[in-house]
Amino acid sequence: MSRPKPLVAAIAVATIAATALSACSSSSAKKSNGGGGGGTGGVFTSIDANNKITAGAPMNPFNAAPNMFLGYNEMQMGFSKYDPSDPNAMLPGLAASWTSSDAGLTVQLQPNAKWSDGTPVTVADIKTSLAIAYTQGTAGPVASAGGTVVAGSNFEVSDVKDLGGGKIEIDQQPGVKNLYFQRLVLSAYIVSDKVYGSQLPADIWSQIAAVQGSDQSAAGAAATKLSAEGKTIAAFAPAKDVSAGPFVETRVNPGEALLDRNQYFYAANKISPKQVILRSYSGNQQIWGYMNGGELDYAPYTSMPTNILNQVLGAGYTRMDAPSYVSASIAFNEKQAPYNLTPVRQALAYVIDRDAVTKVGEPVGGIAAPTTTGLVGSQSDTILSGDQKAALNPYKPDPAKATSLLQGAGFTKDSSGKWHLPGGAPWTITLQTVNGFSDWIAASTIVANELTAFGIPTTAAITADFATYQKEMAAGKYAVGWWLVALGPQTDKAYARIYGSADGFSVSNGQATYNDSAPTNWEHTPQTYTVNGQSINPGQLAAQLSVTPVADQQPIIAQLAAATNQELPMIQIWNYTHVMFTLDKRFTNFPKTGQDDLLNNPPGVWMMQGYVQGK
């Protein structure tokens, strides 16, 4: 389960920013660089890109913007390895081991797993946490009863049983088979029953049983109750942090969060830092300022130009790269002419030079997309056959082909070199992006220049904030704008980014339904495409992926990749790389490039596995 994350630069679910200032050994904490594990490593200073510090927000992971930090004081039973070949592969967290079956999951908790108040982690904590998940809309079938549908993201727990000795059985609802049940359950937030249990009604599991039942009226009523209870849970503000993670939050102010080592953590002997300071930030420039001053032991991804990269490397930082299953794309609202015409979208793909745009927009963390398939290149390369890849159109810059496509669709060019729509009206484009996404903004300038030079006067426009951008995009206000796709490594989620709710499709148990009038539908692509002489329904194919084992997905993905490449509901411009930096000054033994399972998780997870020791 995951909550929406803020973006820093534009990589989805991604990363950060901020100004300068106090030294790493800041104000609040004294350092004692002793080296080794066991809390002798001093103060580890970093930025949490996925969850900004919010003054006054509760220490509650179910709040939309909590002062909780994954891997430090916010815990799960396991942490995803982000392995596209096995999305269920996990690193251990509060669960030391697990076995899965069609019926569910059996978990062995870590020996000596305890909360920071010294009490053991028990089955009651797991049961309360999974019940809360139902109230947050991340567990089904609240979804089918009218709640939020997140394809492939809803898990369906029907019971939690104590088998003794720290072994727990977690049952999947009979009749429901979620291929990713293991990952979704293990990655649910685990909170203390002693702290959160009183926030739930005594009949919470009866409500869950009702929402899982066949009586639609009772299910709907239960879903309404669960949704209301979810709001109460999200607003709850515990008096203090009770954590089962390696750290417990001691203090938060607008400038930083201070976390002290949890002496009761099950692997406390692996945790070197005595304290963690997570700095606040207001923009990428502030993070770069921290790094140039050598103040951060770890810095997450920020969209940075090459000169900034050289500066931070010069300051002593080591760059590490890991796969990022995210692609920046230019998307179209096909309700607005002329973007309903396939030749128009193809022509634009032939005009935009993706290499040139990437060099300006994402010179450090971007790789120009070799083609548009709906997946990032490294992912589609491992799935598609050689013949299937060879059949994809790379849309290399070719103004002549673009001209031919437009003329074939009835467009004309005047004596000044400007294109006109088939009806004779001048054709201009407004390319929409959003404030704070520096890479999209920089890239928009290049795209606008290229299109204008081709004869389509193009202006880059900036929306004030991301929330407004999403709202106005969903309302169909933008004809052409930036969008993130390929949100893998789970392929059904990646394709749902194109053929999901933003395109009028909703999914339940592998079946898609389509509604062109759905309030979230801003793409308005046709419900079916004809590809290689065959009619396909991309929304249904994307839905099928959610119930198809990874080993059997290739034929479906081949159809979706070919359709997306031909129809171009979006043009993939660059694929992101997860770039991060460590400073080997106060701490050492960081994971290195190639350890993708660790690098896609926050440093607190590295520490649990025995990495990051004081020098």
Side-chain angles (χ1 to χ4, degrees), residues 1-6 13 50-51 54 56-68 70 73-77 124-160 170-173 176 178 180-181 184-213 215-239 241-242 467 470-471 501 506-508 519-520:
M1 139 178 131
S2 63
R3 58 174 174 262
K5 303 290 185 186
V13 185
N50 293 330
N51 202 37
T54 305
M59 294 176 287
N60 174 352
F62 305 106
N63 187 273
N67 284 319
M68 291 290 287
L70 186 65
N73 66 329
E74 183 177 282
M75 279 297 282
Q76 302 174 167
M77 286 191 280
D125 301 312
I126 307 302
K127 192 165 186 174
T128 290
S129 300
L130 296 180
I132 290 175
Y134 270 90
T135 73
Q136 303 301 304
T138 49
V142 172
S144 60
T148 300
V149 176
V150 184
S153 292
N154 296 85
F155 58 91
E156 300 81 15
V157 172
S158 60
D159 200 2
V160 180
I170 302 168
D171 297 336
Q172 186 168 194
Q173 182 188 354
V176 172
N178 187 323
Y180 307 107
F181 183 79
L184 295 169
V185 169
L186 292 177
S187 60
Y189 300 132
I190 302 302
V191 294
S192 166
D193 172 69
K194 193 163 71 173
V195 177
Y196 283 82
S198 61
Q199 301 299 310
L200 291 172
D203 67 341
I204 183 68
W205 283 94
S206 295
Q207 292 180 30
I208 292 171
V211 85
Q212 293 175 343
D215 184 333
Q216 290 300 305
S217 176
T224 300
K225 281 186 178 180
L226 288 166
S227 179
E229 289 153 7
K231 294 176 182 175
T232 300
I233 290 285
F236 175 54
D241 186 23
V242 177
Q470 288 184 300
K471 180 180 178 181
S501 59
S506 60
V507 178
S508 179
T520 56

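Because only heavy atoms are used, hydrogens play no part in the values below, and waters and symmetry mates are left out as well, while side chains stay in.
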*Asks:* Please list, one pair per line, the donor and acceptor atoms closer than 3.5 Å that link side chains of residues 203-211 to other protein atoms, with sequence neighbours excluded.
*Replies:*
unit_1, atom_1, unit_2, atom_2, d
Asp203, OD1, Gln207, NE2, 3.0
Gln207, NE2, Glu229, OE2, 2.9

*Asks:* If we ignore hydrogens and angles and just use 3.5 Å, is the side chain of Ser501 paired with the main-chain N or O of Thr520 as donor and acceptor?
*Replies:* no
*Asks:* Do Glu156 and Asp171 touch side chain to side chain, with heavy atoms closer than 4.5 Å?
*Replies:*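 Glu156 vs Asp171: side chains apart.
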*Asks:* Whether the side chain of Thr128 engages the backbone of Asp125 through a donor-acceptor N/O pair (distance < 3.5 Å, no angle test) should be reported.
*Replies:*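 Such a contact is absent between Thr128 side chain and Asp125 backbone.
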*Asks:* Closer than 3.5 angstrom, by distance alone: can the side chain of Asn51 be matched with the main-chain N or O of Met68 as a donor-acceptor pair?
*Replies:*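 Yes, the answer is positive, given that a donor and an acceptor are paired below the 3.5 Å cut-off.
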*Asks:* Looking at every heavy atom in both Val160 and Val157, which two are closest together, and how far apart are they?
*Replies:*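 Scanning both residues completely, I find the closest heavy atoms to be CG2-CG1, 4.0 Å.
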*Asks:* Taking the side chain from Thr224 and the backbone from Gly220, do they hold a donor-acceptor pair closer than 3.5 Å?
*Replies:*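 The answer is yes, because a donor-acceptor pair under 3.5 Å joins these two groups.
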*Asks:* Using every non-hydrogen atom in the two residues, find where Ala219 and Gly213 come nearest and quote the distance to one decimal.
*Replies:*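 In terms of heavy atoms, the two residues are closest at CB-O, 4.4 Å.
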*Asks:* Determine whether Tyr189 and Glu74 satisfy the following criterion, side chain to side chain contact (heavy atoms under 4.5 Å, CB included), listing intermediate values before the conclusion.
*Replies:* CA-CA 7 Å; Tyr189 300 132; Glu74 183 177 282; 3.2 Å; yes
*Asks:* Using the test side chain to side chain contact (heavy atoms under 4.5 Å, CB included), find all partners of Ala124 that sit at least two apart in sequence or belong to another chain.
*Replies:* Thr122, Asp193
*Asks:* Can you tell me if Tyr134 and Gln212 form a side-chain donor-acceptor pair at under 3.5 Å?
*Replies:* yes
*Asks:* Would you find a donor on one side and an acceptor on the other, under 3.5 Å apart, between the side chain of Asn63 and the backbone of Pro58?
*Replies:*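 No.
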*Asks:* Gln76 and Leu186: which non-hydrogen atoms are nearest, and at how many Å?
*Replies:*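 The pair with the smallest heavy-atom distance is CB-O, 3.5 Å.
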